[in-house]
Amino acid sequence: MLHDAGGTIGNRRWVGKNWVCCVLSFKGRRRAILAPGRYTELFFLDEAVALAAGHRPCAECRRADYDAWCAAWATAFGAREGAQVMDDRLHAARALPGARRLRHETGAAKDLPEGSFFASDGRPYLVTHQGALPYAPEGYGPPESLPPDDVTILTNPVTRAVLAAGYGPATHPKAVRPPSHPS
């Protein structure tokens, strides 16, 4: 996402396809937040939220996570692919062509892999081994049962396949942590 000198994000937000999630601190680097003509820094509660928004781990500052993502990708799709191929596929899965908004679908919450997000009655939830954790910007609420009816699935199908293949996203300390999956 590119923005102007006033920090306003324009229509170019959908041009870039490499939506990555990074760590907050890496090798002492400093960036000016909302520097004109640069990519916009987004801050998520945790990696699970970033994945639901359509991002993937950064290959530089989160190398071990990126390698685990790539291993799960290879399991899910039958081949290890480069970042450009993954980014193109993720972009097609997350964005409605020409609509400049994220794609969502409906389905059963019970069919979603751990680490996925869905919305029910307008409220987002994280799927964990203990059920659905209601999401709020400051953290997660106590586990609830998965709803029996169809829900709005917020995590795109490509990311869900990677999660189902064993990638375990990092979650906020207030979340009930899913069991770790071997890569």
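What you see is a predicted model; the values in this text were computed from it and never measured.
Although no hydrogens or angles enter the test, the distance criterion places a donor-acceptor pair under 3.5 Å between the side chain of S116 and the main chain of P113. The backbone N or O of R123 sits nowhere less than 3.5 Å from a side-chain atom of D121 that would complete a donor-acceptor pair. Looking at D65, its side chain never comes within 3.5 Å of a backbone N or O of A68 through a donor-acceptor pair.
Under the 4.5 Å side-chain contact rule for hydrophobic residues, V158 and V20 do not share a cluster. Both Y66 and L51 belong to a common hydrophobic cluster when Ile, Leu, Val, Met, Phe, Trp and Tyr are linked at side-chain heavy-atom distances under 4.5 angstrom.
Separating the SG atom in C70 from the CZ atom in R63 is a distance of 7.0 Å, to the nearest 0.5 Å. The OH atom of Y135 sits 14.0 Å away from the OH atom of Y125 when rounded to the nearest 0.5 Å. Separation of atoms CZ (R160) and CD1 (I153) is listed at 4.5 Å; rounding is to 0.5 Å. To the nearest 0.5 Å, the span separating CD on Q130 from CG on L146 amounts to 11.5 Å. With rounding to the nearest 0.5 angstrom, the CZ atom of R94 is 4.5 Å from the CH2 atom of W19. How far SG of C22 is from CZ of R62: 8.0 Å, rounded to the nearest 0.5 Å.
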Report task. Would you please test E81 and W73 for side-chain contact (heavy atoms from CB on, under 4.5 Å) and show each step? Result -> CA-CA 8 Å; E81 297 173 309; W73 182 284; 2.6 Å; yes

Requested in this report: Could you please spell out the steps behind the side-chain contact (heavy atoms from CB on, under 4.5 Å) verdict for T152 and F118?
Outcome: CA-CA 5 Å; T152 300; F118 69 87; over 6 Å; no

Requested in this report: Check the pair E114, Y167 against side-chain hydrogen bond (donor to acceptor under 3.5 Å, both in side chains), reporting the backbone distance first and the verdict last.
Outcome: CA-CA 9 Å; E114 290 182 26; Y167 186 77; over 6 Å; no

Report task. Please lay out, stage by stage, how D46 and Y140 fare under the test side-chain hydrogen bond (donor to acceptor under 3.5 Å, both in side chains). Result -> CA-CA 11 Å; D46 59 21; Y140 298 96; 2.8 Å; yes

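With contacts defined as side-chain heavy-atom distances shorter than 4.5 Å, the pair H91/D87 does not qualify. Contact of the T106 side chain with the V151 side chain is not registered, since no non-hydrogen atoms from C-beta on lie closer than 4.5 Å. A 4.5 Å side-chain heavy-atom check between W69 and V162 finds at least one atom pair inside the cut-off. A 4.5 Å side-chain heavy-atom check between T155 and H104 finds every atom pair outside the cut-off.
Nearest heavy-atom pair, P169 versus L163, reported as atom, atom and distance to 0.1 Å: CD-CD2, 3.6 Å. Annotation for C21 and E47: closest pair SG-CG, 4.1 Å, computed over non-hydrogen atoms. Shortest non-hydrogen contact noted between G141 and L133 is O-CD2, 3.6 Å. Shown here for A76 and A161, the closest heavy-atom pair between the two residues is CB-O, 3.5 Å. Closest of all the heavy-atom pairs between T159 and N156 is N-OD1, 2.8 Å. Here the shortest heavy-atom pairing between P137 and L45 reads O-CD1, 3.6 Å.
With respect to K110 and D150, no salt bridge is recorded, no charged nitrogen being found less than 4.0 Å from a carboxylate O.
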